[in-house]
Amino acid sequence: MMGKALGKIYIVLVVLFMYAPIMVLIALSFNASKSRVIWGGFTLKWYRTLFESSAIISAIGTTLLLALLSAAIACIIGLTASLGIYAMKKRDYKIMLFFTNIPLLNADIVTGIALMLWFVKFMPLGFSSVLVAHVTFNIPYVILCILPKLETMDIRQFEAARDLGATSFYAFVKILIPDLMPGIFAGFFMAFTMSMDDFVITYFTKGPGVNTLSTLIYGEIRKGIKPEMYALSSLLFFIVLIMLIIVNISARDNKDKSDLAAY
Amino acid sequence: MSKKLIELKNISKSFGSNLVLDELDLYIRENEFVTLLGPSGCGKTTILRIIGGFETPDIGSVYFDGVDITKLSPNERQLNTVFQKYALFTHMTVAENIAFGLRLKKKSDSYIKDKIKYALDLVNLPGYEDRYPDSLSGGQQQRIAIARAIVNEPKVLLLDEPLGALDLKLRQEMQYELIRLKNELGITFIYVTHDQEEALTMSDTIVVMNQGYIQQIGTPESIYNEPTNAFVADFIGESNIIDGIMVRDRLVNIGGLDFECVDEGFGKNEPVDVVIRPEDVELGSPEGGHTTGTVTSIIFKGVHYEIQVESAIGINFMVQTTQNFPVGSFVGINVIPDNFQIMHKPQSEDEEILNIEDIPLKE
Amino acid sequence: MSKKLIELKNISKSFGSNLVLDELDLYIRENEFVTLLGPSGCGKTTILRIIGGFETPDIGSVYFDGVDITKLSPNERQLNTVFQKYALFTHMTVAENIAFGLRLKKKSDSYIKDKIKYALDLVNLPGYEDRYPDSLSGGQQQRIAIARAIVNEPKVLLLDEPLGALDLKLRQEMQYELIRLKNELGITFIYVTHDQEEALTMSDTIVVMNQGYIQQIGTPESIYNEPTNAFVADFIGESNIIDGIMVRDRLVNIGGLDFECVDEGFGKNEPVDVVIRPEDVELGSPEGGHTTGTVTSIIFKGVHYEIQVESAIGINFMVQTTQNFPVGSFVGINVIPDNFQIMHKPQSEDEEILNIEDIPLKE
Amino acid sequence: MNKNRVQVLSIPYILWVIGFTVIPLIFVVAKAATNAEGDFTFEYLLAIFDPVHRKALLLSVCLAFISSVICVLISYPAALILKSAKFKDTKIIMFIMILPMWMNFILRILAIQLLISKNGVINHLLSVLHLGQIDIINTPIAIVIGMVYDYLPYMLLPVLNCVLAIPDDIIEAGKDLGAGKFHVLTKILIPLSLSGIGSGITMVFVPSMTEFVIANILGGGKIQLLGNIIEQEFSVSMNWNLGSGLSLTLMIFVLITTLLFGRNSANNRNFVL
Amino acid sequence: KSSDTLTVFNYGEYIEPEMLEKFTAETGIKVNYEEATTPEEMYTKYTAGAISYDLLCTSDYMIKRLIDEGQAQEVDFSSMENYGNIDEKFWTLSQSFDPGNKYALPYFWGTVGILYNTKKVSKPVDSWDVLFDGEYAGQIIMQDSMRDSFMVALKYLGYSLNTTDEAQIREAAELLKSQKADVASYLVDEARDEIVAENAVMGVVYSGEAYLGHDFNNDLEYVIPKEGSNLWIDSWIVTSKCKNTEAAKKFLDFLCREDVANANFEFIYYSTPNKAVVDNMDEELRANTAVVPTDESIKGCEVYEALDADTTSLYNNLWKEIKSE
Ligand SMILES: Nc1ncnc2c1ncn2[C@@H]1O[C@H](COP(=O)(O)OP(=O)(O)OP(=O)(O)O)[C@@H](O)[C@H]1O
Ligand SMILES: Nc1ncnc2c1ncn2[C@@H]1O[C@H](COP(=O)(O)OP(=O)(O)OP(=O)(O)O)[C@@H](O)[C@H]1O
Ligand SMILES: [Mg+2]
Ligand SMILES: [Mg+2]
């Protein structure tokens with residue numbers, strides 16, 4: 001099974017590539033020196049000071065709320081949009097994809113300034129304006145994840161559900177959604193990530209007092225990123241990782257049980 | 001007679017430029033077992049899909065109990081379907097598949113549990129509750145599809161080749177169970193099969209189709225014994241279809257030899273199609289035969305042998321008999337008058353199809 | 001006799017804890033037509049998949065022409081498969097599907113074009129080149145799957161219920177074409193079907209399986225006429241399987257009445273299974289019967305009627321005859337000695353399966 | 001009947017697009033087509049043909065293209081390996097792939113800089129192992145590494161999704177007909193996963209066309225992409241007209257390419273909702 | 001009441017956060033605090049008008065632009081209690097963008113110079129020349145900022161950094177182009193870290209960063225080249241939109257208070273114009289020319305003036321050409 005081993009090595013390499021910078025960041029979170037380029041010995045103090053900074057704590061709240069909400073809204077709109085687009089004729093389909101790509105394509109600063117100029121005409125800048133902006137640039141990612149999934153979907157199962165008395169909504173929820181779930185998940189993740197990462201658009205569309213981690217970090221660049229940021233990122237990373245492991249283990253337990261029951 | 005439960009009126013349907021159903025009329029009575037029979041691609045599945053609500057006819061309407069349901073969506077129709085390709089929910093276990101419709105109807109858990117057990121017993125797969133469809137063999141999947149549909153006790157059950165992947169024994173068992181369901185629960189069956197014996201055994205009414213047109217509607221026996229045209233005769237069971245000339249009432253000339261028959265009302269010397277079922281051709285000693293022939297091939301078919309006989313009158317007969325006549329043996333050939341089916345010849349090659357609308361539908 | 005082309009040696013395979021094949025041995029000779037027959041879920045598809053290279057056996061080896069190919073990947077095996085669920089390439093047209101294997105072999109365009117035309121004619125779908133599989137009916141898809149496999153003219157063709165979705169007429173045509181291919185191109189066929197008539201008609205050798213064990217290997221006639229056990233007898237065609245006692249050589253007692261038979265070598269008064277084919281039970285006037293009975297049901301099956309007779313000796317006979325005996329009529333029952341099949345009773349309920357390894361394989 | 005009803009589902013999105021994509025876009029168009037005094041001009045729409053801009057565009061296309069290709073080359077085998085491993089829970093894989101992205105983008109890019117810079121972590125390791133040094137920081141290679149790193153998940157996820165959805169029996173049929181690994185790949189797997197690859201390319205290629213932070217940090221500011229120029233025009237030179245003009249022409253350029261490709265699968269399925 | 005709230009717009013990390021709380025505690029005026037990274041961002045956000053900023057701290061040339069566009073309110077700084085804390089010379093310097101000192105209150109100031117590694121650079125560094133003589137090819141970091149890069153070249157060539165003479169500007173551009181091959185990278189904020197990490201031996205940096213850099217790596221020294229350089233002043237203005245001028249003035253006065261100014265200074269270590277703070281600094285700090293430049297060292301320094309449109313566009317085009325070399 002040479003192939004299998006090579007495959008594993010390959011996956012490990014890819015994961016290594018993706019996680020190497022993360023390891024660096026985690027290392028930096030334990031760096032006693034305030035400079036990222038100097039190793040000043042091991043410390044945990046950034047993890048402590050992190051919780052003393054009300055600015056960071058409130059920014060993380062805003063960031064997560066914003067990311068969750070915008071990703072969720074984008075998923076809902078994107079999912080319905082994908083279904084609609086999927087049912088369209090070729091020409092309409094292309095037109096829709098055309099417009100879907102625009103937010104991806106505009107340089108962030110162009111989108112940010114254009115949205116800001118537009119928002120000031122009818123809504124106060126604040127959390128909601130950032131939310132709208134984030135949803136706007138998130139939707140394309142959701143659509144681009146769900147559409148390919150729709151293309152390979154097995155429509156017969158959906159028909160069978162309808163036949164058994166399911167309304168289209170119910171069949172949609174019970175049959176199509178599980179089928180599309182990986183796509184929705186991928187879209188949600190991407191949207192969530194984009195939202196967490198965005199600086200420029202957030203900056204131009206946010207109101208006073210609204211801060212996300214990104215806007216904090218960008219504000220700090222000149223003086224050097226505060227080590228608390230590394231600590232925060234690492235903490236976030238570990239929390240998600242632990243959650244992932246827990247979910248995974250409990251899911252595996254359940255699976256084991258049902259596997260046993262199957263035979 | 002019971003009332004008409006489902007009526008298709010003037011249904012046409014095409015896919016692109018491909019006309020699949022053409023002005024089709026059909027009704028199904030309550031608690032009737034109707035089978036659609038016809039060659040591959042003739043539109044059987046399409047009819048089921050139109051009744052089920054998965055396809056909208058281009059023209060025409062579907063009535064259920066007198067109400068136009070053409071525009072109704074599938075879940076609003078009181079019928080369930082067993083799909084030709086099963087369409088099981090791959091992300092659900094067998095039990096969840098079967099429970100799907102019941103949960104929608106908000107049945108109690110204990111009711112659902114009972115029903116799952118009952119249905120799995122019925123289809124001979126007890127203990128398969130927690131398997132996933134992917135891990136089942138073809139025939140097992142098909143049976144789950146049946147179980148999933150019948151637990152809902154629909155008014156009408158549409159079945160698209162539901163036993164196609166099952167072996168004879170199981171098929172017979174399932175046939176028996178389906179008939180029992182029909183009688184016990186008063187379900188109306190609309191059935192598609194390519195197995196003529198199954199059609200003949202189970203149906204109250206058989207609808208023979210070809211290329212989107214209905215060729216004949218009738219009871220199994222009338223379809224088998226009195227096919228309205230050569231297509232039906234040829235399609236239902238094996239047949240010898242021979243050119244003949246009607247000498248006069250009750251006398252037909254085949255290959256220069258006159259045979260007695262029971263048909264009347266043909267024009268004098270009218271060219272006709274003569275249909276003789278292979279099991280109706282009797283082979284015996286050369287002396288006793290109306291004509292004679294030589295056996296050119298014999299195939300063992302289990303219940304009987306299938307024998308090809310090259311007859312003295314130049315016609316090749318296919319014969320089914322339980323006796324074994326070795327290749328080369330010289331035999332006598334007899335057909336009793338009752339067993340000749342005489343049919344008008346179609347005017348043109350295509351007439352069978354083109355003029356089919358004129359065939360009176362059985363009331 | 002031609003050489004062994006494929007040999008399965010001591011093959012076992014389980015899915016999870018589910019043992020699907022158990023120490024199975026089987027060989028297939030060159031240019032032989034071997035059919036696997038058995039109930040749904042007995043492991044037929046699994047055998048084909050092992051031969052095709054899609055499943056690796058847990059134990060045992062597969063030999064092709066004497067070479068161990070157990071570890072060879074499917075594309076390196078000189079065989080092609082027609083899959084039970086067609087597995088057409090949905091992103092390709094019919095023509096591209098058919099051309100797939102040929103293009104890989106770098107055949108010339110004109111050759112490929114000819115082959116596509118030839119194959120589509122063969123499966124009765126000329127002009128379907130540019131359709132996509134999704135737009136075909138079930139039977140049409142199945143035929144494309146056959147066409148796709150045969151254009152490659154493989155040494156061995158594996159077919160998993162390849163005609164399952166076709167109507168009788170088309171099935172017979174396709175059977176004929178397949179046999180012609182076998183003879184013309186010298187292809188070896190390994191065939192799975194649930195249609196016993198098909199198996200009997202087409203096969204050189206039939207392998208009857210149950211629950212992962214081979215029950216009997218033999219020619220169609222030996223399987224049908226001399227089943228080694230009640231399972232085979234019951235599975236192949238319909239049978240009356242009756243408890244009897246062997247009075248002495250060539251005399252069996254059923255329901256208190258002695259019948260002459262041709263079997264010898266059983267112990268005195270040994271309890272046996274007596275198998276009588278329904279078409280071997282002769283009905284006549286009560287006077288001429290060895291015993292008598294009353295018709296309790298009659299079903300029209302096309303070629304014949306299927307009649308249930310409650311006999312005076314307390315046994316229910318299933319009879320197939322072309323004559324019509326109305327329900328309630330009083331009839332005489334006869335079976336000629338040749339038509340009794342006497343079999344040892346299994347020791348225990350499960351013995352049919354458990355002791356099956358002892359059944360000598362036909363060489 | 002129902003196709004129209006399904007299409008209705010996209011109405012909220014269409015409204016959203018009009019409200020928050022099209023109207024802002026009109027601002028951009030208006031800026032692009034006028035000069036600082038507000039008079040109509042083609043100057044900025046044609047500015048893309050200025051040699052400096054053209055060069056930056058070309059370089060952007062080049063790097064974005066190379067990055068997309070590398071992303072495909074990395075993702076596709078990974079997806080295939082994961083498929084053959086019959087890994088059931090795709091959500092976990094996705095999580096693992098996207099988790100790194102939950103650290104702030106700028107932090108990650110700075111971390112890469114730390115890794116590959118002259119006295120960076122990798123060079124440290126290499127010198128400890130006496131394996132020579134890499135000197136790629138401040139070159140296009142570094143930018144490509146950054147882009148690949150940052151956008152890889154956007155390729156991985158759709159590709160993985162699509163590849164995992166391909167039914168096994170079709171692959172088996174291909175093998176049966178004599179297709180070796182290579183032909184199974186080129187004739188079956190790839191055609192059937194084109195829509196996923198397409199999505200992935202859109203999500204990698206398109207944003208990397210306007211990327212500038214990576215070029216600034218990893219390219220050492222020595223390499224000027226169109227994204228840098230647009231950013232510069234907006235945020236430093238405050239020449240919104242030129243920035244909009246360049247942005248708009250870039251957009252048209254990329255959109256036309258996507259339109260040309262569009263959807264390849266036949267869309268004649270029935271859809272009953 | 002909204003009049004009790006001030007919306008303040010400042011650079012990121014440019015004030016000790018506790019001072020804001022302190023201000024509110026002392027005066028009861030709430031502070032709505034917003035940050036930006038560049039003057040242009042500030043300008044864009046401010047002029048978009050979505051948020052009504054009361055106070056704004058930005059750089060000299062942007063102050064001039066805002067004043068010219070009528071976005072600043074005149075304030076009588078001399079009436080402030082702590083007016084006297086601001087060193088007189090900064091009022092004078094401010095005249096270049098705020099003639100008459102009617103609008104802008106100096107907040108922090110600094111210079112641009114060369115930060116170099118004394119271990120790696122043996123020859124004395126006192127001129128921009130080290131950046132152009134090719135000796136440290138590939139180890140030099142330039143500012144990724146148009147104006148600053150041109151400034152270096154113009155000063156090196158002996159011209160004014162506010163020159164509008166096209167020939168001089170083009171000459172500077174040619175110099176920068178020919179220098180590009182020797183430049184390791186053009187960076188803004190990461191420049192200091194690169195030099196600290198010794199990925200480069202010298203670079204053009206702001207004086208504030210030089211201090212931090214020295215903190216991390218004792219081998220680093222900062223010098224303002226003898227040809228002169230840029231002297232920048234970040235100042236506060238009260239915007240014309242501000243309704244509550246009194247509160248704004250209180251805020252500015254608060255910032256000038258010694259303890260507050262000192263807290264802010266110790267938060268960022270940029271040069272402060274607050275002479276009370278400078279006077280009370282400990283010796284070592286005061287001796288650091290990066291923190292407290294001597295009058296001698298800033299002799300040749302100039303403050304940026306806003307460039308006219310034609311010159312700006314010339315700068316832009318030339319800069320893009322340099323970058324696309
Ligand atoms: N979606 C479709 N697009 C185009 N043509 C179609 C489509 N579905 C079916 N057809 C065509 O319509 C005709 C009738 O198809 P249908 O499925 O009703 O046949 P059928 O009678 O069920 O055949 P079978 O016994 O082979 O399943 C066929 O010729 C088929 O090719
Ligand atoms: N992937 C799998 N995982 C678990 N069990 C399986 C799997 N595939 C097949 N089986 C089981 O193995 C047994 C044999 O399956 P196989 O497909 O060989 O049957 P078959 O003889 O082809 O039946 P049929 O006539 O119904 O197609 C069945 O009981 C089936 O449930
Ligand atoms: Mg069909
Ligand atoms: Mg099977």
Side-chain angles (χ1 to χ4, degrees), chain A residues 28 31-40 52-56 58-59 108-110 112-126 128-130 133 199-212 214-229, chain E residues 5-15 17-18 20-21 30-38 40-54 187-200 205-206 208-209 211-218 220 267-270:
Chain A
L28 285 177
N31 182 7
S33 162
K34 268 195 149 199
S35 169
R36 68 190 167 97
V37 291
I38 295 190
W39 180 250
E52 288 161 6
S53 163
S54 61
I56 295 186
S58 91
D108 278 359
I109 189 158
V110 181
I113 290 177
L115 276 177
M116 175 182 69
L117 294 178
W118 171 224
F119 283 161
V120 291
K121 295 211 190 316
F122 68 94
M123 75 191 283
L125 296 194
S128 52
S129 56
V130 188
F199 163 67
V200 177
I201 297 176
T202 312
Y203 179 76
F204 281 109
T205 54
K206 83 194 180 82
V210 180
N211 258 322
T212 65
S214 292
T215 58
L216 277 193
I217 289 175
Y218 276 81
E220 285 168 3
I221 285 185
R222 170 165 287 176
K223 279 198 66 202
I225 310 278
K226 281 194 190 152
E228 283 90 345
M229 284 301 168
Chain E
T5 303
L6 283 175
T7 305
V8 177
F9 205 14
N10 193 2
Y11 288 119
E13 298 284 308
Y14 220 38
I15 199 165
E18 277 172 25
L20 295 174
E21 288 161 29
K30 284 210 215 60
V31 177
N32 215 341
Y33 190 70
E34 271 277 280
E35 296 182 342
T37 36
T38 68
E40 288 76 13
E41 265 172 30
M42 278 186 182
Y43 179 83
T44 305
K45 253 196 126 162
Y46 174 76
T47 49
I51 301 171
S52 161
Y53 297 102
D54 297 313
L187 296 176
V188 189
D189 310 310
E190 305 80 16
R192 184 225 321 142
D193 281 335
E194 285 294 281
I195 301 166
V196 170
E198 302 186 354
N199 288 326
V205 299
Y206 289 91
E209 318 222 0
Y211 176 78
L212 284 171
H214 182 77
D215 213 24
F216 293 128
N217 185 337
N218 289 325
L220 302 188
F267 184 64
I268 33 192
Y269 288 109
Y270 277 28

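Letters go in sequence order (proteins before strands), and every chain restarts at 1.
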So for [X], is it side chain, backbone, both, or neither that comes closer than 4.5 Å to the heavy atoms of chain E?
{"X": "A/Ser35", "result": "both"}
{"X": "A/Phe119", "result": "neither"}
{"X": "A/Pro208", "result": "both"}
{"X": "A/Lys226", "result": "side chain"}
{"X": "A/Ile109", "result": "neither"}

- Does the side chain of E/Asp215 come within less than 4.5 Å of A/Lys34's, by heavy atoms? no

Could you tell me which portion of [X] (side chain, backbone, both or neither) has an atom closer than 4.5 angstrom to a non-hydrogen atom of chain A?
{"X": "E/Tyr269", "answer": "neither"}
{"X": "E/Tyr211", "answer": "neither"}
{"X": "E/Glu209", "answer": "side chain"}
{"X": "E/Tyr33", "answer": "backbone"}
{"X": "E/Ala36", "answer": "both"}
{"X": "E/Asp193", "answer": "both"}

Nearest non-hydrogen partners of [X] and [Y], listed with the distance:
{"X": "E/Ala48", "Y": "A/Leu117", "result": "CB-CD2, 4.3 Å"}
{"X": "E/Thr44", "Y": "A/Met116", "result": "CG2-CE, 3.8 Å"}
{"X": "A/Glu220", "Y": "E/Glu13", "result": "CG-OE2, 3.5 Å"}
{"X": "E/Phe216", "Y": "A/Ile38", "result": "O-CD1, 3.1 Å"}
{"X": "E/Thr37", "Y": "A/Phe199", "result": "OG1-CZ, 4.4 Å"}

If you round to the nearest 0.5 Å, how far is [atom2] of [Y] from [atom1] of [X]?
{"X": "A/Thr205", "Y": "E/Lys45", "atom1": "OG1", "atom2": "NZ", "answer": "7.5 Å"}
{"X": "E/Glu34", "Y": "A/Asn211", "atom1": "CD", "atom2": "CG", "answer": "7.0 Å"}
{"X": "E/Glu35", "Y": "A/Tyr203", "atom1": "CD", "atom2": "OH", "answer": "9.0 Å"}

- Message: Between E/Ile268, E/Val188, E/Thr7, who has the most heavy-atom pairs with chain A when the cutoff is under 4.5 Å?
- Response: E/Ile268

